[in-house]
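Presented below is the structure to which this report refers.
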Amino acid sequence: MGGYRLSSGGSQIDRSRRVRFSFDGRDLGGFAGDTLASALLANEQTLFGRSFKYHRPRGVLSAGAEEPSALVTMRSGARVEPNTKATMVELYDGLEASSQNRWPSLRFDVLSVNSLFSNFLSAGFYYKTFMGPTRKAWMVYEHFIRRAAGLGAGGFQADPDRYEGLHAHCDVLVVGSGPTGLMAARAAAVSGARVILAEEMAQFGGMLPNESETLDGVSAGDWAKATVAELSALDNVTLMPRTSVYGYFDDNVLAAVERVADHMPVPPENTPRQRHWTIRAKQVVIASGAIERPIVFDGNDTPGVMLSDAVRSYALRFGVAAGRKIVVCTNNDRAYHTALQLADRGMTIRAVVDARSTPPQALVEALAARGIEHFPGHVVAKAEGGKALEGVHIAPYDPHTKRLKGASRWITTDALAVSGGWSPAIHLASHASGRPNFRDDIQAFVPGEAEQAWRAAGACNGDFGLAACLAAGAEAGAAAAGDAGFGATALPQPSVEGGEAEDFAVLPLWEVPAIKGRGKKFVDLQHDVTAEDVRLAQREGFQSVEHLKRYTTLGMAADQGKTSNINGLAIMAETRGASIPEVGTTRFRPPYNPVSLGAIAGREIGAHFRPVRLTPMHDWHVAQGADMLAAGAWLRPRVYRQPGESVTDAYIRETRAVRDSVGIVDVSTLGKIDVQGPDAAEFLNRVYSNGFAKLPVGKARYGLMLREDGIVYDDGTTWRLSETQYLMTTTTANAAGVLTHLEHLLSIVWPELRVQVSSVTEQWAGMAVSGPNARRTLEAAVDDMDLSNEALPFMGVRPGHLGGIPVLIARLSFSGELAYEVYTEANYGLPVWEKVLEAGKSFGIIAYGTEALGALRIEKGHVAGPELDGRTTAADLGLGGMASRKKHYIGCMMLDREGLTDPSRLKLVGLVSLSGESIRPGSQLVEGATMATSGPSLGHVSSTTYSPALEKQVALGLVEGGLERTGHRLYATYPLKGHHVPVEVVEPVFFDKDGSRMHV
Amino acid sequence: MRIYCPICGERDSGEFTYGGDATVHRPAMDETDAEAWCQYVYNRENRRGPMLEYWHHTQGCRAWLVLERDTVTHKILSQPRLVGPWADEPKGNPPIDSGSDTGSAERERVSEPVGAE
Amino acid sequence: MSEMVHALAGHAQPGIFGNLGEAGPAVTLAEVRPAAVLQVGAWPQTRAAVESTLTSFLGLSVPQAFGMSSGDETTTVMTLGPGRYMIVSADAGLREGLKEQLDAEKAAITDLGHARTVLRISGPAATKVLRKGLTLDLDPGAFPERAVAQTAVHHIGTLVHRREAEVFDLFVFRGFALSFWEWLTDASLEYGYRVADPL
């Protein structure tokens, strides 16, 4: 037995377009417009999967996004996607799907044996069972439990599809396109507001195709279609079907995912599979509808037990009968109308079982007229069937004692349509509101007080009747448009004829007692959480709703408890003897539906995970085969390896070449800040620790910048270009930070200073030309400049031309050699670079990278990033003389604190390896000769290199007592890699100690 | 979170960088009391609720703003204002269609910020 | 100087790419190479004088509103904030001329001509492409023609100038130009794009 396709009907399917698909390898057929669930039901499929813990057979419960059971794995290979709700999959030709969590097959699943151990697998079992006999035993159990756990399996290949992120702005966002949402969108649009109407499903209209009313003389379904057509013709309305608004964030920013191509075999070229939308709406109307509740009874997870509105949907929208002998069980009027609608379409309704003893007479008579048996005051106490429903036991029920009161009777049935009432879908509203409010009349929670600019209307606000929804939607849309600044025009309501009773009152019925024993009554179908688990949680002290959730995992699965949360907390309330509002709901958080990581990542993947920043000479470095290294966002050449060279070989060669003759290095990445204004000199004087007020025009000076706490922040050179204009350079890493620091000082601390600062890092290409032949090289390159020692002395700055291109040349040295920094406007960077190389050819000029740059400066003891690590003062680095005593500057007032002047502070030293082993940066400096006897750390190694000049492995480091330890032996220890290198403490300069090479 | 920049209009918070407690002022340059400097450099009240804050529009106009924000709800409670040399300047007028504005020394002080809804 | 090597040299190959509808590519991309890009900063005391000097020197009225521009075929002046202006021009001599007009007491002039790469995106899908990276409200009511905004696209600082309804100039740091170009062209594939020669 099971479902079957009706010979006619189905407002959503197109019977003229057949679609072929496969499920678990079986080839099946459906129609365009089917979902995978409707097509499988039509093919008499009752079994859709196996449950999470107990591997119980499961069917499909619903027809929408709240589906807990019918989870399938879609597609295969690189596009495989597990845990997809079959109710949300739009059928397409060639669709492949498979069931999950079963082996070897869906029908014969070996792990269904878990059911036998269910007593040991109840809520929180891993805290209680599987304890011992030893502590390590868990690691053995865990291996098997992990294999058995989970539902679908993901893929391991890279996702070949595109995903994109986009931004949208509107005046009114309407979430949901049922009668409420459609009216809200119309009302807002009519006022001229920019409207976005987002609908989770592919079709607009919500429940309208299921309703029997006529609106303005046409069927509810046709009215929906006409309204959508009218909206799509308006310029100020954007319709977004297949778009789930999954989160409501601060300041009316919402996030949504649009399923652009999930309903196609593969996405069209250059088109994303999904789009992630960040929507900034001035006002939001939430019209997200309500979700039907199941009833909790013994065997309620049997395939064939479904929600009654779903059974109605399958019949009316898809032309599929859920079974051949349907029974309806309910606590409200609406399920009667479902029974009548189905009977009138030729389906066999065996009985209507109503927990209420006196339902409305009109409904009783309508059933009788169709020969449908009626059992008022009865409930379904047990469903039986294993892999497919075979029948139900019904029994008389006393709602006051909440007990069965009499013998049960058997009804043979293959489809049970259950209606326990409706829960407004308050999730999105709850992301942006206070606690939800409980309404006794509908036994449901409605949205709490809004904390953002939204209003809820329709079923999600507790108004379930069609006329009420239409009115509420119109009112909400107009009010939202009004609050967004658009005058509201009254919208005529459609006339509503016919239809069903407007009374949605329910008899509270959350759980039915078992006939015998405790029964197996499921609350959360996806996580296999039973009513007994809820009671167990309460007995063990986990009785708050937040503890209930985490202890039992109720509501934590991919369906996030959409059909189980309320039943669970109602059972907890009953168990505690508290009211439902007293127990309350857990806090709803985004995402409302699962969101793929692809949608969140968009195009910021692979090489575009972060933006990449290139210097003007980048293409040249790459063409030369340089190893490029990331320095923040920048790419810099590390070394230019010759064939057969290692990185070490290369940097040693480059370093030697600079010391022997001449080399050129790209220093464009240094931060460069334009500092201008009448008070610029005074400003620089307050920002640097050493004096800048008297720097002459045409000179540069090395400057040390401290933090307010007296610790060194950054260093660089600042060049005075005119009376009121300076070019400040910073380290690459701190460029952005220093600019912000300066802007902060000028805006907040000293707004009276007339100074402006701007980043000009990108305006200038910079290259350092260093070595004994640097002057000769540049003399051959420049057009009109006198580069003699007299004309351009050390630290001088001169403008000029090189190969016809304007340049600024500063005589600065980081390497300790005779050196010049040649700056030119960025688009001239490469031509100037090439001209210098040409000019240096006869001197054997080479390009060098950051490794050689480092080796050169370490040999000279010039501090850089690793020494300026946020813990060192100027005095620690041997630069105490740069901390002026004659002026006020940032950091000056904190310098004399005991902590910063303590003699035991770590101070800069040089280190030479005594064993020839290289020294690892980050090594700790100790006295003990072996790792085991190392003793306490006395300091650490900050920068290391092989020194071609000394032909030794050397390093800079910081050690207690600093140069008092000169000549001492210490050990540079790195236990993680097993290094323990003997070193001698020396002065922190290894080469050219008097610095004369720079001054020739 | 969205932050209103008086120069650029309302923008996503990602364009801004938090700039610290705006009730804290750097001592005068001639202040010699070490306690005052320690207080400025190290001590901050960890306020729960409304707090006056600096924000820096780093990925926009780079202006510094001061605003009051609730540290629990993230709600911005005051109209953000510019800090710095331009704090008291009249704002620009709202955008008009014609391009023929001329600067006048006697500009009317606009009390509504540009772009206010 | 013909020797200049721009950031996208060798990278922005002319051609037509992506999904072409019946009407061909819906987006055109071209690098703009202004001869001058200058930032001018006044101080509160000098703002009025600076605006008046700019107005008479450029023959354009400097907008009062922040985030607006005015311009002719050669030159555009943008008001970025109080006392802060950006001038973009095909006139290479503007820099020197402006320095003569505004001394250091009146204003700070910063040359950014090489610091920015300017990309023009135009065509019926221009706004749709920009929505993939700009968090601004691009509705003509919120961001009209001649409006200017300083913002960021995926962490790359970007100045956006709307010249016409579907014509935008995007100013990005030169160092990020290639990364930005790769994003822009990738985002345009869906609509089909044509790369035109630099302007």
Side-chain angles (χ1 to χ4, degrees), chain A residues 162 164-170 194 268-272 275 278 280 602-604 607-608 610-616 618-619 633-634 668-669 674-678 680 722-725 754-765 803-806 824-832, chain C residues 1 3-7 9-11 17-19 33 39 41-43 45-46 83-84 103-105 107-117 128 130-139 141-142 153-157 173-180 182-183 186-192:
Chain A
R162 286 176 74 98
E164 294 198 15
L166 294 90
H167 302 277
H169 294 255
C170 65
R194 279 186 297 165
E269 215 187 337
N270 298 322
T271 307
R275 290 192 186 103
T278 308
R280 298 154 189 83
R603 298 303 283 163
E604 291 180 276
H608 284 265
R610 301 196 293 176
V612 179
R613 200 168 179 187
L614 307 175
T615 74
H618 176 82
D619 287 346
W634 292 102
S668 305
T669 64
D674 177 63
V675 182
Q676 283 191 55
S722 78
E723 279 303 309
T724 54
Q725 186 175 24
R754 297 207 300 158
V755 181
Q756 294 186 43
V757 293
S758 306
S759 168
V760 288
T761 304
E762 299 276 7
Q763 175 70 4
W764 298 98
I805 300 168
T824 186
E825 288 171 324
N827 291 331
Y828 293 122
L830 184 58
V832 168
Chain C
M1 302 267 181
E3 272 188 282
M4 275 201 256
V5 177
H6 288 82
H11 294 285
F17 309 88
N19 291 359
R33 294 183 174 167
Q39 181 186 272
W43 283 281
Q45 313 87 309
T46 64
R84 185 163 274 221
D103 64 36
E105 289 285 327
I109 302 176
T110 310
D111 190 339
L112 296 176
H114 287 244
R116 300 286 182 270
T117 296
K128 290 191 182 134
L130 291 178
R131 277 190 318 180
K132 296 186 186 186
L134 287 178
T135 60
L136 299 180
D137 189 350
L138 296 174
D139 188 80
V153 170
H154 295 305
H155 312 294
I156 299 175
F173 275 22
R174 189 188 186 284
F176 285 117
L178 185 58
S179 204
F180 187 85
E182 286 173 355
W183 168 77
D186 179 78
S188 302
L189 281 170
E190 192 177 349
Y191 306 104

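In this text, all values refer to a predicted model and were calculated from it rather than measured experimentally. Both backbone and side-chain heavy atoms feed into the values below; hydrogens, waters and symmetry mates do not.
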ask   = Is there a side-chain contact (heavy atoms from CB on, under 4.5 Å) between C:S179 and A:R613 once you walk through the steps?
value = CA-CA 7 Å; C:S179 204; A:R613 200 168 179 187; over 6 Å; no

task = Given side-chain contact (heavy atoms from CB on, under 4.5 Å), test C:L189 with A:R162 step by step and report yes or no.
result = CA-CA 11 Å; C:L189 281 170; A:R162 286 176 74 98; 3.8 Å; yes

query = Where do C:E190 and A:E164 land on the side-chain contact (heavy atoms from CB on, under 4.5 Å) test, with the steps shown first?
reply = CA-CA 11 Å; C:E190 192 177 349; A:E164 294 198 15; 4.0 Å; yes

message = Working note: A:T724 + C:E105, criterion side-chain contact (heavy atoms from CB on, under 4.5 Å); need CA distance, chi angles, decisive distance, verdict.
response = CA-CA 9 Å; A:T724 54; C:E105 289 285 327; 5.6 Å; no

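Minimum interatomic distance between C:R84 and A:V757 (heavy atoms only, all atoms of both residues): NH2-O, 4.1 Å. Taking each heavy atom of A:H169 and C:T135 in turn, the nearest pair found is NE2-O, 2.9 Å. Of all heavy-atom pairs between C:T46 and A:R754, the closest is CG2-NH1, 4.1 Å.
Only the side chain of C:Q45 comes within contact range of chain A, with heavy atoms under 4.5 Å apart. Looking at A:Q756, the atoms closer than 4.5 Å to chain C (heavy atoms on both sides) sit in the backbone and in the side chain alike. The contact between A:R603 and chain C is made entirely by side chain atoms (from C-beta outward), counting heavy-atom distances below 4.5 Å. Proximity to chain C is absent for every atom of A:P268, based on heavy atoms less than 4.5 angstrom apart. For a residue to count as touching a neighbouring chain, one of its non-hydrogen atoms must lie under 4.5 Å from one of that chain's; by this rule C:A142 does not touch chain A. Proximity to chain A (any heavy atom under 4.5 Å) is shown, for C:S188, by neither the backbone nor the side chain. Neither the backbone nor the side chain of C:L130 comes within contact range of chain A, judged by heavy atoms closer than 4.5 Å. Heavy-atom distances place no part of A:A680 under 4.5 Å from chain C, backbone and side chain included. Only the backbone of C:A7 comes within contact range of chain A, with at least one heavy atom under 4.5 Å from a heavy atom of that chain. When heavy atoms are compared at a cutoff of 4.5 Å, A:V832 does not approach chain C at all. Contacts between A:L830 and chain C at a heavy-atom distance below 4.5 Å involve the side chain alone, from C-beta outward.
Side-chain N or O atoms of C:H154 include none that pairs as donor or acceptor with a backbone N or O of A:H608 at under 3.5 Å. In this structure, the side chain of A:Q676 does not engage the main chain of C:A108 through any donor-acceptor pair within 3.5 Å. Although no hydrogens or angles enter the test, the distance criterion places a donor-acceptor pair under 3.5 Å between the side chain of A:E762 and the main chain of C:G175.
The candidate with the highest count of non-hydrogen atom pairs below 4.5 Å against chain C, out of A:G677, A:S758, A:A168, is A:S758. Chosen from A:E604, A:E269, A:E723, the residue pairing most often with chain C at heavy-atom distances under 4.5 Å is A:E604. For chain C, the option among A:A765, A:G829, A:P616 with the highest count of heavy-atom pairs below 4.5 Å is A:P616. Among A:P611, A:P831, A:A633, the residue with the largest count of heavy-atom pairs under 4.5 Å with chain C is A:P611. When each of A:L166, A:T615, A:V612 is scored by its heavy-atom pairs under 4.5 Å with chain C, the top score falls to A:V612.
Among A:R194, A:R280, A:H167, the single residue meeting the side-chain hydrogen bond (donor to acceptor under 3.5 Å, both in side chains) criterion with C:D137 is A:R194.
Of the inter-residue distances, the one linking A:L614 atom CG with C:L178 atom CG reads 6.0 Å to the nearest 0.5 angstrom. In this structure, CD in C:E3 is found 8.0 Å from OH in A:Y828, a value given to the nearest 0.5 Å. Separating the CZ atom in C:F17 from the CG atom in A:N270 is a distance of 12.0 Å, to the nearest 0.5 Å.
The local environment of CZ in C:R33 is crowded, with over 12 non-hydrogen atoms from other residues, nucleotides or ligands closer than 6.0 Å. C:H155 NE2: 12 or fewer foreign heavy atoms inside a 6.0 Å radius.
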